[in-house]
Protein chains: 2
Amino acid sequence: MVKMSDVALKANVSTATVSRVLHSPETVKEQTRQKVLNAIKELNYQPNILARQLRKNETKTILVVVPNIMNTVFLGIIEGIEAEASKNQYKVLLGNTNNDVKKEYGLIDLLKQKQTDGMILFSARLEEDILHELSEQYPIVLTADFIDGLKVPTVSIDNISSSRKAVLHLISLGHTRIAHISGPLSNSSARDRFKGYEQALYQHSMEVGSMLVQEGDYSLESGYNQMRKLLALEKMPTAVFAANDEMAIGAIKAAKEHGLNIPQDLAIVGFDNIHFSSIFEPRLTTIAQPLFKMGQLSMKLLLAQINGSVSEKTQYILESELIIRDSCGGKE
Amino acid sequence: MVKMSDVALKANVSTATVSRVLHSPETVKEQTRQKVLNAIKELNYQPNILARQLRKNETKTILVVVPNIMNTVFLGIIEGIEAEASKNQYKVLLGNTNNDVKKEYGLIDLLKQKQTDGMILFSARLEEDILHELSEQYPIVLTADFIDGLKVPTVSIDNISSSRKAVLHLISLGHTRIAHISGPLSNSSARDRFKGYEQALYQHSMEVGSMLVQEGDYSLESGYNQMRKLLALEKMPTAVFAANDEMAIGAIKAAKEHGLNIPQDLAIVGFDNIHFSSIFEPRLTTIAQPLFKMGQLSMKLLLAQINGSVSEKTQYILESELIIRDSCGGKE
DNA sequence: ATGAAAGCGCTAACAC
DNA sequence: GTGTTAGCGCTTTCAT
């Protein structure tokens with residue numbers, strides 16, 4: 001391993017000068033600089049970043065904590081994070097918790113041990129106090145998930161208004177018996193999507209029938225199963241809003257099996273705009289989150305914190321978009 | 001930041017002893033160890049890993065270079081890598097190249113700068129010489145892709161025999177006019193899948209008609225477009241083998257639009273067994289790669305290299321599996 | 001414009 | 001069983 005002192009020796013200068021050539025070349029006389037540059041080239045010198053990091057106490061690395069790598073929604077955000085990070089010469093460390101809170105705590109040690117300069121969390125399942133405390137000591141951003149009043153910089157969409165928008169769309173198409181297949185209600189986003197559903201109904205003085213709301217777990221199977229419950233109802237709904245696309249697809253499968261035509265007999269709206277929502281038949285009407293942008297913004301906010309600026313605004317809400325396709329009959 | 005010397009002071013021992021308590025507690029007298037442990041707890045000491053890394057010249061971090069984060073096939077492998085890595089207290093750094101070879105070269109610097117202990121590549125698009133040279137200097141494993149004769153440890157399936165298996169399945173169902181929608185032939189896996197197709201036909205003394213082979217680019221759209229070409233043929237194929245599921249789905253869409261029923265009028269086999277292949281209608285018959293296992297094995301091989309063992313066998317071929325579903329009519 | 005030297009926090013060889 | 005001490009390779013202050 002050729003090191004800085006080797007370069008210094010070869011160029012007949014001190015290591016300080018080599019270091020200067022690397023970081024503030026303008027402070028070094030042209031001639032000296034050339035000598036050093038040549039030596040670097042000849043020796044094929046690669047600085048040892050570890051040493052620099054120790055000296056400067058920074059790693060140029062951030063940690064992304066994901067509950068589940070295989071979730072394409074998270075991946076869209078990670079893509080944005082990665083793009084912004086590499087633009088700023090930051091690396092991203094991937095921490096997959098597999099929905100295991102213990103693993104989450106383990107990953108936090110990376111922060112404490114100064115192995116990463118900051119952390120982006122995809123879910124707020126740590127105890128709130130701990131999260132607050134951490135956030136005071138280290139740069140942290142929460143994305144995709146949202147907790148009201150949480151004093152941790154957060155990037156998300158407004159799940160309530162987004163799902164309200166989805167349900168209002170159904171109402172505008174004339175539906176009056178609208179069911180909801182929710183996500184797991186232990187999850188704050190799932191609760192918010194449920195709230196949006198309620199708000200849309202209230203707004204039109206419709207009742208929220210308890211039978212019309214079934215709790216799923218975001219899996220296709222749960223969409224299928226909950227839909228079957230809805231299909232067994234005496235008064236079947238004419239439309240259903242599913243809290244994510246996977247469940248919407250599961251619901252459609254159940255409805256088709258039941259002999260129903262989508263959207264003629266039953267309208268369905270999903271949430272997330274996953275890749276397959278436009279491939280599946282019927283193509284799904286759904287809510288799209290600006291995933292890449294969310295990732296970018298999260299990373300920007302994290303960098304701002306790392307660089308010492310304390311921003312006032314802690315919760316950033318990005319706009320979602322209702323994508324109208326075929327699963328609820330379009331605008332007639 | 002409380003450091004080791006603080007702990008040493010508090011416990012009335014030397015830093016060496018503190019270090020020992022942390023790494024080989026059995027060499028320290030019970031009583032002393034307790035003193036140190038207490039001091040650590042009281043001061044809430046977190047070791048500075050950066051310093052340790054500098055000293056030991058290891059990072060306990062490996063780099064994964066992916067052409068495209070959003071590809072679920074790669075993700076399945078990453079999941080396996082991550083699991084094995086964290087089991088061994090290794091962290092994984094994510095490098096997304098977005099199919100940009102320049103970015104790939106950039107990421108290699110992380111290796112050279114000792115910022116990661118090793119690297120797992122998902123595609124062999126670097127020049128072979130460079131790859132070899134790197135592989136001699138640093139721990140490297142190639143996965144998902146395969147280049148014949150490459151002297152870099154590789155984990156993959158046998159694309160040739162896998163696709164031969166797929167096509168033989170079609171032949172066993174009585175098909176004699178079997179078309180192939182290939183991946184981009186600049187890609188070695190795509191070439192291998194093509195070869196397997198040829199071999200299956202040769203094996204049954206069938207001709208490989210040039211019109212029956214269309215080159216796609218692994219995208220759904222290309223599957224759709226190439227299928228339309230096949231549908232326009234005078235003598236239409238009765239079966240098609242697509243080099244991946246996305247193209248298979250595109251092909252099915254084109255066929256359906258053309259008024260064909262799958263599998264009655266046309267049998268289709270895909271490759272990859274992506275999540276959606278079992279959801280789409282008809283459910284896709286396809287080849288499944290053992291992604292998680294591939295990831296695990298890749299990481300194991302990398303760790304072996306990092307820990308200095310030089311294994312003989314450089315190319316590891318795992319078994320793929322033909323998953324028979326509905327898109328080609330099952331075994332009749 | 002350049003060099004000398006201290007030190008980032010830790011580990012490990014050596015000494016006792 | 002424990003302490004002393006010399007670095008790991010770099011950055012940066014201070015002096016010249």
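Scope of the values below: all heavy atoms of this structure, side chains included, with no hydrogens, waters or symmetry mates. A, B, ... follow the sequence lines: proteins, then strands. Residue 1 opens every chain.
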Exercise. Could you list where the contact with chain A starts and ends along DNA chain D, reading 5' to 3', using a 4.0 Å heavy-atom cut-off?
Key: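 That gives a stretch of D:dG9 to D:dT13.
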
Self-check item: Trace of the side chain to side chain donor-acceptor pair (under 3.5 Å) decision for A:Ser123 with A:Asp145
Solution: CA-CA 5 Å; A:Ser123 81; A:Asp145 207 350; 5.0 Å; no

Distance, rounded to the nearest Å, where [X] contributes [atom1] and [N] contributes [atom2]:
X	N	atom1	atom2	answer
B:Met1	C:dG7	CE	C1'	17 Å
A:Glu58	C:dG9	CD	C1'	16 Å
A:Asn48	C:dC8	CG	C1'	13 Å
B:Arg20	C:dG9	CZ	P	21 Å
A:Leu22	C:dT2	CG	C1'	16 Å
B:Lys3	C:dT11	NZ	P	14 Å
A:Leu9	C:dG3	CG	P	12 Å
A:Asn57	C:dG9	CG	C1'	10 Å

Quiz item: Looking only at side chains, do B:Lys91 and A:Gln115 share a donor and an acceptor under 3.5 Å apart?
Solution: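 The criterion, which ignores hydrogens and geometry beyond distance, is satisfied for A:Gln115 and B:Lys91.
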
Is there a side-chain contact between [X] and [Y] (heavy atoms, below 4.5 Å)?
X	Y	result
A:Lys114	B:Met1	yes
A:Met4	A:Ser19	yes
B:Leu111	B:Leu63	no
A:Glu104	A:Leu121	yes

Quiz item: With a non-hydrogen cut-off below 4.0 angstrom, is B:Asp6 in contact with a base, only sugar-phosphate, or nothing?
Solution: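 No contact at all - B:Asp6 keeps every heavy atom at 4.0 Å or more from the nucleic acid.
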
Exercise. Run the numbers on B:Asn38 and B:Lys35 for side chain to side chain contact (heavy atoms under 4.5 Å, CB included), then give the verdict.
Key: CA-CA 5 Å; B:Asn38 286 336; B:Lys35 270 198 304 188; 5.8 Å; no

Practice problem: Please list, by residue number, the residues of residues 24-47 of chain B whose heavy atoms come closer than 4.0 Å to an atom of DNA chain C; answer none if no residue qualifies. | Solution: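 By residue number: B:Tyr45, B:Pro47.
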
Quiz item: For B:Glu30, what residues pass the salt bridge (Lys or Arg N to Asp or Glu O under 4.0 Å) criterion, not counting sequence neighbours?
Solution: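 Counting only residues at least two positions away or on another chain, B:Glu30 forms a salt bridge (Lys or Arg N to Asp or Glu O under 4.0 Å) with B:Arg33.
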
Quiz item: Start at the 5' end of DNA chain C and walk down; is the nucleotide closest to A:Asn12 or to A:Lys56 reached first?
Solution: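 Upstream on the strand: A:Asn12.
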
Self-check item: Of B:Ala16 and B:Ala51, the one whose closest DNA chain D nucleotide lies more 5'
Solution: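 Closest to the 5' end, via its nearest nucleotide, is B:Ala16.
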
Quiz item: When you match B:Ser14 and B:Arg55 each to their closest nucleotide on DNA chain D, which lands nearer the 5' end?
Solution: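 In this pair, the answer is B:Ser14.
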
Quiz item: Is atom CG of A:Asn307 surrounded by more than 12 heavy atoms (other residues, nucleotides or ligands) closer than 6.0 Å?
Solution: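 Yes - once you tally the heavy atoms of other residues, nucleotides and ligands closer than 6.0 Å, there are more than 12.
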
Self-check item: Short side-chain N/O contact to C:dT11 OP1/OP2 from B:Ser19, under 4.0 Å
Solution: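 So the side chain of B:Ser19 is within the cut-off, an N or O lying under 4.0 Å from OP1 or OP2 of C:dT11.
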
